[in-house]
Amino acid sequence: MRDRTYTADAKPGETVTVAGWVHETRDLGGIAFLILRDTTGKIQVKFEKDEMDDDLVETGLGVHRESVIAVTGDVAEEPRAPTGVEITPESLDVIAEADAQLPLDPSGKVDAELSTRLDNRTLDLRKEEVKAIFEIRAEVLNAVRNKFRELTATEINTPKIVATGTEGGTELFPITYFGKEAFMNQSPQLFKQLMVGSGLERVFEIGPIFRAEEHNTPRHLNEATSIDFESAFIDHTEAMDVCEAVVKAAYEAVEENCQEQLEALDLADEFEAPEGDFPRLTYEEAIQRINATGKLDEQLVWGDDLPTEGEKALGEDVGEHYFITDWPSEIKPFYIKDNDDDETLSTGFDMMHPTMELVSGGQREHRYDNLITGFEQQGLDPDAFEYYTKMFKYGMPPHAGFGLGGERLIMTMLGLGNIREAVLFPRDRQRLSP
Ligand code: ATP
Ligand code: MG
């Protein structure tokens with residue numbers, strides 16, 4: 001529609017055509033109102049029954065809620081209208097009539113279960129506060145991309161169909177690839193590492209990862225968006241600096257460019273971009289602090305992975321984003337380099353929001369012999385990864401990087417109760433459609 005005006009741009013004194021959805025109609029007798037909604041907001045359409053064509057009034061007030069209509073008319077100031085202006089229609093076209101019964105109420109007056117919302121995402125995203133999440137998501141991805149580019153990283157795209165997994169077999173989704181077994185990739189880990197040895201040196205990728213996690217939790221998806229970074233000639237502490245800068249850039253962009261969306265989500269007052277350096281705790285300090293909270297039934301000992309309740313207790317204690325460094329080598333993946341001074345310690349790190357893990361990263365093992373040993377220790381067959389390991393024989397620089405969960409970043413930023421709210425069409429144990 002070339003001559004369409006967004007409701008937000010309809011100015012008093014103009015004659016415009018606006019198009020969108022029938023949000024609601026209110027018939028007060030001699031006068032009636034229809035609220036038309038589009039992506040920019042809402043506008044009131046006024047019907048003065050005695051002064052208007054009967055057909056026009058009948059069409060306007062008879063149309064079902066959520067139908068798509070176009071209205072042409074004069075815009076006038078009207079302080080009592082929700083947006084301060086209203087249109088007196090000269091013509092009104094019903095472009096796509098909606099059923100009288102809707103599976104979900106987009107006006108939000110009737111609450112819907114998350115599963116109903118996800119089954120009817122189109123209608124769900126007609127709600128301002130739901131649309132706001134995805135506008136913020138777009139802002140976050142843009143900010144992250146810009147920050148990486150500013151840091152001279154090149155954006156890459158790596159295969160999602162692979163012959164072997166990265167982190168062992170259990171979380172892999174098998175598929176059939178021309179009669180052969182293949183898998184959906186769990187992580188771009190190996191490919192991004194291969195690129196630090198290429199002419200690119202420093203890369204990032206924003207793309208899907210697939211994990212056949214058995215558990216159905218509020219913070220796990222079976223298809224998630226991973227924000228990955230990897231760079232030659234940096235160590236794990238420099239990777240942590242990048243990680244921190246990227247997360248801060250995302251918050252700052254949302255603070256600067258998404259006030260309307262934050263208001264729709266009722267977060268405008270409390271939203272704050274993190275300031276100051278994220279504390280860096282060692283794993284040892286982390287388990288001591290968790291034990292000191294007394295919130296766990298059993299005390300953690302060296303070598304334990306941090307249980308969810310442990311992460312929660314520590315997060316409450318720290319109260320802001322933080323890193324956990326110096327993990328025991330044995331609980332970090334084979335491609336993470338051990339600490340040069342102490343082999344029992346890994347250069348792996350996690351970056352945490354007070355409520356959950358957002359990032360895992362580290363310096364990588366770039367020495368061929370150590371890498372092969374690492375594969376064997378992890379019970380993986382190095383031959384199956386030859387495409388990867390052999391490149392370490394042809395000049396692979398020291399390097400480090402991280403993977404940041406895109407949905408977890410948005411979920412924690414907006415305080416969403418369930419990670420599925422940050423995905424248009426989430427994939428989980430029960431959900432394969434839509
Ligand atoms: P967790 O222990 O919380 O399940 P992880 O340690 O298995 O996560 P990593 O392999 O370290 O996950 O992946 C890096 C990041 O990707 C995680 O910190 C998280 O933000 C995100 N991530 C990993 N798995 C999922 C998933 N199933 N759903 C959503 N995000 C995920
Ligand atoms: Mg992790």
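These figures come from a predicted structure and were not determined experimentally. Counting starts at 1 for both ligands and their atoms, following the listed order.
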Undergrad: Considering Asn222, Leu221, Ile419, which one's heavy-atom position lies nearest to atom 28 (N) of ligand 1?
TA: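 Among Asn222, Leu221, Ile419, the closest heavy atom to atom 28 (N) of ligand 1 belongs to Leu221.
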Undergrad: Checking the N or O distance criterion of under 3.5 Å, is ligand 1 in contact with Ala224?
TA: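 No, Ala224 has no N/O under 3.5 Å of an N/O on ligand 1.
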Undergrad: Checking the side chain of Arg37 only, and the main-chain atoms of Lys42 only, is there a donor and an acceptor separated by less than 3.5 Å?
TA: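 Not at all, since once roles are kept as given, no pair shorter than 3.5 Å links the two residues.
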Undergrad: Are side-chain N/O atoms of Thr347 and Asn339 paired as donor and acceptor at under 3.5 Å?
TA: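 Result is no, nothing qualifies.
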Undergrad: Is there a donor-acceptor pair closer than 3.5 Å between any side-chain N or O of Glu365 and the backbone N or O of Gly374?
TA: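 No.
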Undergrad: Assess, by modelled atom type and distance only, whether the side chains of Ser346 and Ser329 contain a donor and an acceptor separated by less than 3.5 Å.
TA: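 No, no side-chain donor-acceptor contact under 3.5 Å.
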Undergrad: Ligand 1 versus Glu357, non-hydrogen atoms closer than 4.0 Å: side chain, backbone, both, neither?
TA: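 The answer is both, backbone and side chain.
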Undergrad: Which residue from Glu311, Met352, Arg219, His220 reaches closest to atom 4 (O) of ligand 1 through any of its heavy atoms?
TA: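 Heavy atom nearest to atom 4 (O) of ligand 1 belongs to His220.
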Undergrad: From the options Arg211, Glu171, Glu223, select the one whose nearest heavy atom is closest to atom 23 (C) of ligand 1.
TA: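 The nearest heavy atom belongs to Arg211.
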Undergrad: Please find out if the Mg ion (ligand 2) and some N, O or S atom of Glu357 are separated by less than 2.8 Å.
TA: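 Glu357 does place an N, O or S atom closer than 2.8 Å to the Mg ion (ligand 2).
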Undergrad: Judging by distance only, is a nitrogen or oxygen of Leu358 under 3.5 angstrom from one on ligand 1?
TA: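 It does: an N or O of Leu358 is found under 3.5 Å from an N or O of ligand 1.
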Undergrad: Rounded at 0.5 Å granularity, tell me how far CG in Asp381 sits from CD in Glu386.
TA: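 Answer for the CG-CD pair, Asp381 versus Glu386, is 10.5 Å.
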Undergrad: Using a 4.0 Å cutoff against the non-hydrogen atoms of Glu213, which atoms of ligand 1 qualify?
TA: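 By the 4.0 Å cutoff, the relevant atoms are 24 (N), 25 (C), 26 (C), 27 (N).
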Undergrad: Give a yes or no on whether the ring-centroid distance for Phe204 and Phe229 is below 6.0 angstrom.
TA: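 Ring-ring flag for Phe204/Phe229: false, centres at least 6.0 Å apart.
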Undergrad: Examine the proximity of ligand 1 to Gln186 and report which part, side chain or backbone, both or neither, has a heavy atom under 4.0 Å away.
TA: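 It is neither part, as no heavy atom is under 4.0 Å.
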Undergrad: Is there a donor in the side chain of Thr237 and an acceptor in the side chain of Arg280, or the other way round, less than 3.5 Å apart?
TA: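 No donor-acceptor contact under 3.5 Å links the two side chains.
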Undergrad: Under 4.0 Å, heavy-atom basis, I'd like to know which part of Arg408 is in contact with ligand 1: side chain, backbone, both or neither.
TA: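 For Arg408, the contact with ligand 1 is made by the side chain alone.
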Undergrad: Does an N or O anywhere in Ile209 fall below 3.5 Å from an N or O of ligand 1?
TA: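 In this structure, Ile209 places no N or O atom under 3.5 Å from an N or O of ligand 1.
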Undergrad: What residue among Asp350, Asp338, Asp305 forms salt bridge (Lys or Arg N to Asp or Glu O under 4.0 Å) with Lys332?
TA: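 With Lys332 as partner, salt bridge (Lys or Arg N to Asp or Glu O under 4.0 Å) holds for just one option, Asp350.
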Undergrad: Name the option, out of Ala422, Pro426, Gly405, Gly348, that contains the heavy atom nearest to atom 21 (C) of ligand 1.
TA: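 Result: the heavy atom closest to atom 21 (C) of ligand 1 is in Gly405.
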Undergrad: Flag the pair His236 / Phe323 as yes when their ring centroid distance falls below 6.0 Å, and as no otherwise.
TA: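 Between His236 and Phe323, the centre distance exceeds or equals 6.0 Å.
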Undergrad: Provide the number and element of each atom of ligand 1 under 4.0 Å from a heavy atom of Gly403.
TA: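 Close to Gly403: 14 (C), 15 (C).
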Undergrad: Which atoms of ligand 1 are found less than 4.0 Å from any heavy atom of Val359?
TA: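 Those of ligand 1 that fall under 4.0 Å from Val359 are 18 (O).
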